[in-house]
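Throughout, numbering of the chain's residues begins at 1 and tracks the sequence.
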Amino acid sequence: MVANGRGHIPGPETVVAAEPESAAMSPMAASTDFLGAPDAGQVDYEVRIRKTGRQICLVDADLVQDGRTLVHTAFTFGHLDDAPPVYVPESHTDMPAEPTADAVAYGPDSPMRIAHLSEGASVALDPIWARFLDGEQGKPQLRL
């Protein structure tokens, strides 16, 4: 199935149109591989339904330009659980809206620079939660 690439991105409605029994399913996961950068202009989306079952539906979608697949995404659709969550945090108020003065920021000269993260985002670690900064061990918690 090929969808016209004029701004239309395949979504759940594409799956439902091809497999009506999947209408009650919701997107659960997506994994995208960026294989190349498209040029400005026309693109096509190729959508393939790999599996349709009672519990899940697996869908592949490719962004294609000039016969080359430039972006590939694998979607998993399924039924959302209607039970209450297993874990619900008591509160989100323990994290301030802005980093504290002792927060360790990612920056161009930071030893924690990873994939040039500081060029596109302002990120800082809370040293109280990131015990590994001092070579210590602690609960597996991390606040950015």
Side-chain angles (χ1 to χ4, degrees), residues 1-100 103-107 110-144:
M1 162 186 341
V2 177
N4 185 321
R6 296 176 194 244
H8 173 73
I9 299 174
E13 69 281 355
T14 305
V15 174
V16 170
E19 302 288 341
E21 62 273 12
S22 301
M25 293 186 180
S26 300
M28 306 287 281
S31 175
T32 301
D33 296 317
F34 295 93
L35 308 171
D39 295 322
Q42 176 96 16
V43 298
D44 291 313
Y45 294 97
E46 296 178 359
V47 180
R48 289 171 304 289
I49 298 174
R50 290 192 296 148
K51 176 187 181 203
T52 302
R54 292 187 316 265
Q55 299 297 318
I56 65 168
C57 178
L58 303 177
V59 178
D60 285 337
D62 292 334
L63 181 144
V64 179
Q65 188 175 57
D66 298 327
R68 291 181 48 225
T69 300
L70 301 174
V71 180
H72 171 78
T73 302
F75 292 97
T76 301
F77 292 85
H79 299 286
L80 296 176
D81 193 358
D82 58 359
V86 175
Y87 170 77
V88 177
E90 294 175 19
S91 166
H92 295 290
T93 59
D94 66 332
M95 185 170 168
E98 294 292 328
T100 58
V104 180
Y106 282 80
S110 169
M112 297 184 303
R113 62 185 177 278
I114 300 172
H116 307 288
L117 179 65
S118 64
E119 293 175 13
S122 175
V123 179
L125 290 172
D126 182 340
I128 294 172
W129 283 43
R131 301 307 323 149
F132 61 86
L133 291 173
D134 296 325
E136 298 176 18
Q137 293 184 355
K139 292 173 78 174
Q141 302 175 13
L142 184 62
R143 294 195 320 189
L144 295 173

Pairwise side-chain contact, Met28 with Leu80, heavy-atom cut-off 4.5 Å (strictly under): yes
Should Thr32 and Val71 count as side-chain neighbours, where that means a heavy-atom distance under 4.5 Å? yes
Just wondering, do Arg48 and Asp62 contact through their side chains at under 4.5 Å, heavy atoms? yes
Trace of the side chain to side chain contact (heavy atoms under 4.5 Å, CB included) decision for Val47 with Val59: CA-CA 7 Å; Val47 180; Val59 178; 3.7 Å; yes
Heavy-atom count around Glu98 CD within 6.0 Å, excluding the residue itself: above 12? no
d(Asp60 CG, Thr73 OG1) to nearest 0.5 Å is 9.0 Å
Under a 4.5 Å cut-off applied to non-hydrogen side-chain atoms, are Asp126 and Pro99 in contact? no
Got Gln65 and Gln42 here, is their nearest side-chain heavy-atom distance under 4.5 Å? no
Taking the side chain from His72 and the backbone from Ser31, do they hold a donor-acceptor pair closer than 3.5 Å? no
Quick one, Leu58 and Thr76 - any side-chain contact, counting heavy atoms below 4.5 Å? yes
Can you tell me if CZ on Arg50 sees more than 12 non-hydrogen neighbours from other groups inside 6.0 Å? yes
Measure the spacing between CZ of Arg54 and NE2 of His79 and express it to the nearest 0.5 Å. 9.5 Å
With sequence neighbours left out, write down each residue that passes salt bridge (Lys or Arg N to Asp or Glu O under 4.0 Å) with Asp33, or none if nothing qualifies. none
Separation of Phe34 CZ from Leu63 CG (nearest 0.5 Å): 9.5 Å
Nearest 0.5 angstrom please: Asp44 CG to Leu70 CG, how far? 11.0 Å
So which atom in Ala61 and which in Phe75 form the shortest heavy-atom distance, rounded to 0.1 Å? CB-CE1, 3.9 Å
Under a 4.5 Å cut-off applied to non-hydrogen side-chain atoms, are Ile49 and Cys57 in contact? yes
